[in-house]
Amino acid sequence: MRSGEARLAIDWGSASTSAVLAWPDGTWSPLTFGAESALSSAVFLSEDGGVITGQPAWQAAAGCPERFIPAPRRSIEQREALPGGEVDAVDLVAATLRQVAEQAGAVAGGEIEDVRLVVPAGWGPRRRTWLRHAAHRAGLPQPRLVEAPVAVATRMLASGVQLPVGSYVVVCDVGGGAEVSVLRRGPAGFEVLATLSDASAGGSAVDDALIGALIGGEPNAPIPDGTASNGTQWVLLASVRAAKHALGEHPAVTVPLPDGPAVVVNGTVLEQAARPVAQRVAQLAVEAVAAAEVDAAEVSGLYVVGGMAGMPAVAEALAECVGVTPVVLADPAMAAVCGAADAGAASVGAGVEMAESPVPPVPPVRRAVAIAVPGFASLALVAQFLLTAQWNGWYVHRWALLNWGELAMAAVFALVAALGAGTVIASALAARPGQAPMSAGGQVGTGILASMSLGVAVAGLYAVVGSVYIGQEVGSFLRWALLPIAPVVVVAAVMAVIAARQWRQPVGGWSQVLAFPTGSVVCAAAGMALIQYSLTADRWPDLVLWIDAAGRVGGLLLGIGVVMAVVSTPLLRLILAAPLGVISAAIVSQAASGILGVIYATAVAVWWTRQVWARVIRPARPPVHTP
């Protein structure tokens with residue numbers, strides 16, 4: 001497993017805690033806790049001083065309700081007295097974070113060094129330091145804190161949402177409470193201009209309203225005194241939360257009451273309970289936009305995330321009060337934690353729900369093959385280029401006839417092999433001791449630049465060694481080694497900038513973007529080797545036909561390699577491979593060898609350009625839900 005490379009992002013919310021494991025190549029996977037995709041933030045203080053977390057805490061609440069805390073963050077933020085006063089508030093958080101860390105270590109196969117914690121944008125230095133202490137007590141390394149709205153905006157960029165530099169966006173995070181933030185995208189990232197929050201304007205308020213409706217007969221009715229004395233309030237609260245989530249898929253559900261018959265709850269009751277909360281969220285949005293001194297007409301988008309994001313009442317209230325149609329991100333409960341982890345977007349098509357399982361990473365064996373095959377092909381071609389030079393003339397007027405196309409292809413393969421190792425080099429750079437930690441995008445961008453420089457250096461080395469070995473001026477060697485790879489170098493530099501600035505996260509991760517088709521390398525390298533053999537082999541009378549046939553087969557293979565690089569559709573490859581292979585086989589000659597090498601170098605440049613355009617600059621935009 002890749003525990004040393006993994007990044008763990010945790011969103012400790014007032015109602016639930018979600019976490020994601022991500023890797024430098026953009027692949028990610030959510031942590032699950034039993035059958036749940038999120039861990040309940042509730043805790044129960046046992047009599048021996050221990051802290052029980054998650055679903056077991058809810059189960060223990062019925063027996064001793066006074067020692068149960070359903071929303072520790074809300075209690076801490078509002079400075080409510082903890083049960084008994086015998087436990088430090090930091091320990092409540094540390095217990096939940098410790099369980100997340102243990103689950104992450106089990107999935108990653110070891111300790112994780114890079115940890116990010118999502119925090120509300122409105123938290124000041126005191127609360128942020130307090131959360132760091134909780135993470136340290138939980139056994140986590142020093143975490144990087146990421147503000148929730150910034151994490152959401154980062155996730156939108158990684159998913160392909162267009163947010164130009166200078167644009168303003170509003171992020172409404174409606175979970176257990178509500179936080180509305182106005183952000184501006186600058187050249188270096190997102191800046192929070194204003195943020196307003198209300199702990200009583202979220203899912204917890206809707207839960208209380210539903211309980212009032214079930215017990216008192218109408219939403220927001222007061223809960224009768226003594227309901228919590230025997231723990232039935234927590235049982236009822238758990239049933240109400242389960243019913244609220246079930247109403248997203250069913251028109252009506254049955255809620256059992258602890259001291260009475262079961263009650264049927266439908267969408268109308270939920271809508272009535274959520275309407276006051278939605279109005280408060282909309283009011284927060286209007287006030288936040290005004291506090292940021294931004295006109296509503298300048299807002300590029302209003303995005304809703306959190307557990308209540310899918311409720312129609314929230315969207316209706318925001319559209320009416322703010323004047324901007326809200327957009328609910330796909331999988332809104334995971335948007336912030338995925339953005340904090342710099343997780344890549346899943347591969348999706350228009351109108352299709354976002355994939356629940358992430359795109360699998362490139363297997364290590366396949367990644368090694370994508371590096372080794374072009375590397376060895378490059379060494380083989382440059383060796384043949386030098387050892388099969390055809391010498392002409394005598395003494396001081398002696399000169400060599402060279403296959404410049406073979407040198408060009410050797411340089412191209414050297415660059416392809418180096419770029420294929422881009423994410424590996426990125427991981428090595430990130431693991432250097434004593435170095436300040438870089439973001440995942442910075443790691444990949446630096447890795448691509450380093451691999452690109454390595455490939456150019458190897459190509460230049462081929463030119464210098466060839467010049468010394470052959471004894472001719474280095475100018476021609478440099479032209480044929482460096483000029484054919486120049487377009488790929490430009491494309492690689494663009495990729496490095498995109499990765500470093502995190503403007504886009506490619507579909508499938510950077511490892512898949514940098515993996516050049518191995519089949520094209522094998523066909524083209526074998527084809528050029530056969531062409532050079534046919535041009536330089538001793539032509540005995542009985543071998544002339546065989547040697548010429550070898551050259552024609554080499555031209556055919558080279559043409560097939562070009563098609564495999566330029567075209568990705570299998571059927572179209574079959575259609576184009578025949579004519580292009582026949583043409584390249586027909587023109588095989590000493591004079592055309594350089595042209596054949598340049599044709600393949602051009603095909604490689606086209607492949608890299610298409611990768612950047614289709615998978616990075618214009619990736620498939622994930623679907624959004626507009627109620």
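- Closest non-hydrogen pair, I52 versus A57, comes out as O-CB, 3.5 Å.
- The shortest distance between side-chain heavy atoms of P149 and F190 does not fall below 4.5 Å.
- Contact detail for A315 and P326: the closest heavy-atom pair is O-CG, 3.5 Å.
- By the side chain to side chain contact (heavy atoms under 4.5 Å, CB included) test, A19 pairs with L8, I10, L31, V100, sequence neighbours left out.
- Residues meeting the side chain to side chain contact (heavy atoms under 4.5 Å, CB included) test with V146, sequence neighbours left out: R116, R144, A151, A340.
- With sequence neighbours left out, A94 forms a side chain to side chain contact (heavy atoms under 4.5 Å, CB included) with R98, R137, A138.
- Residues L196 and A288 come closest through the heavy atom pair CD1-N, 3.5 Å.
- The shortest side-chain heavy-atom distance between V170 and L318 does not fall under the 4.5 Å cut-off.
- In terms of the side chain to side chain donor-acceptor pair (under 3.5 Å) criterion, S14 has no residue partners (sequence neighbours excluded).
- Qualifying side chain to side chain contact (heavy atoms under 4.5 Å, CB included) partners for S520, counting only residues two or more places apart in sequence or in other chains: F516, P517, M564, A565, Y600.
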Side chain to side chain contact (heavy atoms under 4.5 Å, CB included) between R7 and I112, worked out: CA-CA 7 Å; R7 302 186 302 275; I112 299 173; 5.9 Å; no

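- Going from atom CG of L39 over to atom OG1 of T53 covers 5.5 Å, rounded to the nearest 0.5 Å.
- To the nearest 0.5 angstrom, I371 atom CD1 is 10.5 Å from T518 atom OG1.
- When all heavy atoms of A135 and L117 are compared, the pair lying nearest together is CB-CD1, 3.9 Å.
- Taking the side chain as every heavy atom from C-beta outward, R127 and P120 never approach each other to under 4.5 Å.
- Not counting sequence neighbours, the partners of T17 by the side chain to side chain donor-acceptor pair (under 3.5 Å) test are S41.
- Contact of the R132 side chain with the P143 side chain is registered, since non-hydrogen atoms from C-beta on lie closer than 4.5 Å.
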M334/V337 under side chain to side chain contact (heavy atoms under 4.5 Å, CB included): CA gap, chis, key distance, verdict: CA-CA 6 Å; M334 299 293 292; V337 71; 3.8 Å; yes

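- Within the 3.5 Å criterion, the main-chain N or O of W123 finds a donor-acceptor partner in the side chain of R128.
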Trace of the side chain to side chain contact (heavy atoms under 4.5 Å, CB included) decision for S568 with R610: CA-CA 10 Å; S568 58; R610 187 184 63 195; 4.2 Å; yes

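- For the atom pair CD1 of I69 and CG of L92, the computed distance is 5.0 Å after rounding to the nearest 0.5 Å.
- Judged purely by atom type and a 3.5 angstrom limit, Q103 has no side-chain atom pairing as donor or acceptor with the backbone of F33.
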Worked check of side chain to side chain contact (heavy atoms under 4.5 Å, CB included) between V412 and V488: CA-CA 9 Å; V412 168; V488 180; 5.9 Å; no

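- Atom CE of residue M156 and atom CG of residue L329 lie 6.0 Å apart, to the nearest 0.5 angstrom.
- Looking at every heavy atom in both residues, L193 comes nearest to A292 through CB-CB, 3.8 Å.
- To the nearest 0.5 Å, the span separating OG on S300 from CZ on R185 amounts to 11.0 Å.
- Summarising the geometry, atom OG belonging to S167 is positioned 11.0 Å from atom CD belonging to E298; distances are rounded to the nearest 0.5 Å.
- Screening T325, V171, V169, V322 for a side chain to side chain contact (heavy atoms under 4.5 Å, CB included) with L302, the sole residue that qualifies is V322.
- Residues P374 and V521 share a closest heavy-atom pair of CA-CG1, 3.7 Å.
- Using a 4.5 Å cut-off on side-chain heavy atoms (C-beta onward), V373 and F413 make no contact.
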